[in-house]
Amino acid sequence: MRRPLPPELIELGDELESAAARALGRRRTRRALALNAMASLAIAVPLGGTLVGTVVGPPAMRPETFAPRALARASSSDDFPPRVIPHVHKPVNRALLASLPNLRRVLR
């Protein structure tokens, strides 16, 4: 059977245990901060490079952000709302329309 420890050693052991827990907590906090900083940089650097490349790049490399020039010219006039709205329809293919009943018979 072991003899019980003196009270001074028990207090010293408790203090050492709490100091070790505090040091471990600080180390874990520093590690988490470092990993968060690296993750932020891993996302921000490529994104920043892409944004800088599109904003500063040559005009031919920039993506088109505005309406096409034809629409920009049309909208710059004082004619709002437009009096004539152009309709963009393809001409009707009469031969295709005439062949539809024949296709129905074949597909049955």
Side-chain angles (χ1 to χ4, degrees):
M1 178 146 211
R2 290 177 73 181
R3 289 187 306 169
L5 293 175
E8 297 87 23
L9 286 179
I10 292 175
E11 286 180 29
L12 180 61
D14 290 342
E15 288 177 20
L16 287 174
E17 187 177 349
S18 64
R22 285 192 304 268
L24 185 62
R26 286 191 301 267
R27 186 180 310 142
R28 285 182 180 159
T29 302
R30 281 193 306 264
R31 182 176 184 264
L33 286 173
L35 289 176
N36 284 339
M38 288 190 315
S40 297
L41 287 174
I43 292 172
V45 169
L47 185 63
T50 302
L51 291 176
V52 167
T54 57
V55 172
V56 179
M61 299 286 291
R62 290 187 200 146
E64 189 67 34
T65 56
F66 299 104
R69 291 188 177 111
L71 291 177
R73 272 188 265 117
S75 66
S76 66
S77 67
D78 294 331
D79 187 22
F80 186 81
R83 293 184 187 94
V84 177
I85 300 174
H87 294 284
V88 181
H89 291 292
K90 293 182 179 179
V92 177
N93 188 347
R94 305 252 181 230
L96 179 64
L97 288 177
S99 67
L100 284 179
N102 296 332
L103 286 175
R104 286 188 192 137
R105 273 187 253 137
V106 170
L107 293 175
R108 283 186 198 174

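Not measured: the values here are computed from a predicted model.
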In terms of heavy-atom contacts, L5 and I10 come closest through O-CD1, 3.8 Å

Members sharing L33's hydrophobic cluster, built from side-chain contacts under 4.5 Å between Ile, Leu, Val, Met, Phe, Trp and Tyr, are none

Residues joined to V45 in its hydrophobic cluster, side chain to side chain under 4.5 Å directly or through other members, sorted by chain and number, are L41

The reported gap from CD in E15 to CG in L12 (rounded to nearest 0.5 angstrom) is 6.5 Å

Please tabulate, one pair per line, all N/O donor-acceptor pairs under 3.5 Å involving side-chain atoms of residues 20-29, not counting sequence neighbours.
from: T29; atom 1: OG1; to: G25; atom 2: O; distance (Å): 2.8

Within-4.5 Å side-chain heavy-atom neighbours: D14 and E11:
no

